[in-house]
Amino acid sequence: MNRVPNSLIDTLASDLEPVQPIRLWHGIALVALSAVATVILVELLDGLWHGIVQGRASGIFFIANGMFAIVGAAAALAVVRMASPSVGNSQEGARWSAGMLALLPISAGLMLGVGGLFSAISNDVYGLDCFLAGTGFGLVTAAALVLWLRRGAPVSLSAAGTLTGLAAGAIGSFAYGLACPIDTIEHLAIWHTAPVALLAVVGRYAIPPLVRW
Amino acid sequence: MIADEKEMAAMMAAAQKGDAGTYRALLAEVQLWLERFYRKRVAPAQLDDLVQEVMMAVHAKRATWDPTRAFYPWLAAIARYRWVDHLRKVYRSAEDELADYDAPEDSEEEAVMARMSLERLFVHLPEKQSEVIELVKIEGLSIAEASKKTGQSESLVKVNIHRGLKKLSALVEKAE
């Protein structure tokens, strides 16, 4: 069998510089900072809804936004781990949490029926604004995670793209959700969940070329 | 015999700190490991190029190994990733045959390698996909020859290669 020339080993060894190994908590800190920055941005641009602390928010407000936060955290953690490749890496937690989020539109659909859902979509004058804002604010997290992946060595590019979009959409919707006083299930299930689905699909196709190595 | 997980992790940790001597020893071990890892799944004429490519990837991405995690699964993930890339690109000549590399065997080492081997990826593919990938991308048959041998139409051979490679790339970290 031919052997790799030792000159390659010599070249690589002579090129060796100390490196700072990738650390999980660095990635977690980056995501946490980007989430905090997103909330600050929401406060500066739209102002957070004071009804949350004045006891005016409904139960579904806390449940839905809590679900966005959990999905965002689970998906972001999976992406952070993907920067350091390893056979055996699993993204099951993020996938299950995304499944959990699907409960919102499913519940709204069951409660309202197809006609009621269509009516809720067409009559919600603020819905599109929430959708665009959630998507836009999600880009902060998306940018942070893409930078993290570019520093790393992701080997499951489609999954990395989808989960980055999922995390970005969920954190964007969570952050903007803190400014939105419309706390009905139909509004949250449609207009606040849509950015998560949209960014997951966009991430699946747009992010792999950015992080390929 | 190739160094075990503990030794490799210790050498890689030293390499990340800039210890060139240890790094040289690590790369020699990595080279041996990769040659065994790819045997039967890469044509001999392409083996050296692929091993070199992976060693350069290991060098460029050495910071992505987290010292709190195992070394070999990290190396195997990179090796699989580059291999799937290689399959996408390669159309080797039919006369090259795969050699049975007679490497020394070691039971513990074999067990670790088997868990992360390329065969583990293939078992997740439907037979019609793995069969044509093997024939066209590894053994070097033309689409027409693979079609004749498998009874699949030429367009089906192409579709199955495309779908199979897509699935392989999604399995790089999963299949163990």
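Model, not experiment: these values are computed from the prediction. In what follows, chains carry the letters A, B, and so on, assigned in the order in which the sequence lines appear, proteins first and then strands, with residues in each chain numbered from 1. The figures that follow rest on heavy atoms only: side chains count, while hydrogens, waters and symmetry mates do not.
- Under the 3.5 Å distance criterion, the side-chain polar atoms of A/S173 are matched with a main-chain donor or acceptor of A/H192.
- Salt bridge B/K149/B/E131: absent, no basic N to carboxylate O contact under 4.0 Å.
- Only the backbone of A/Q20 comes within less than 4.5 Å of a heavy atom in chain B; its side chain stays farther off.
- Of the two parts of B/K17, only the backbone, made up of N, CA, C and O, holds a non-hydrogen atom closer than 4.5 Å to a non-hydrogen atom of chain A.
- Aromatic pair B/Y72/B/W33: centroids less than 6.0 angstrom apart.
- Interface remark: B/D19 contributes backbone atoms only to the contact with chain A (heavy atom separation under 4.5 Å).
- Side chain of B/Q16 to main chain of B/W65: a donor-acceptor pair is present (N/O by atom type, distance under 3.5 Å, no hydrogens or angles).
- Interface remark: A/S158 contributes no atoms to any contact with chain B (heavy atom separation under 4.5 Å).
- Using a 4.5 Å cut-off between heavy atoms, A/A159 does not touch chain B at all.
- For the pair B/R82 and A/W213, the cation-pi criterion (under 6.0 Å, within 45° of the ring axis) is fulfilled.
- Contact annotation for A/P208: neither backbone nor side-chain heavy atoms come within less than 4.5 Å of a heavy atom of chain B.
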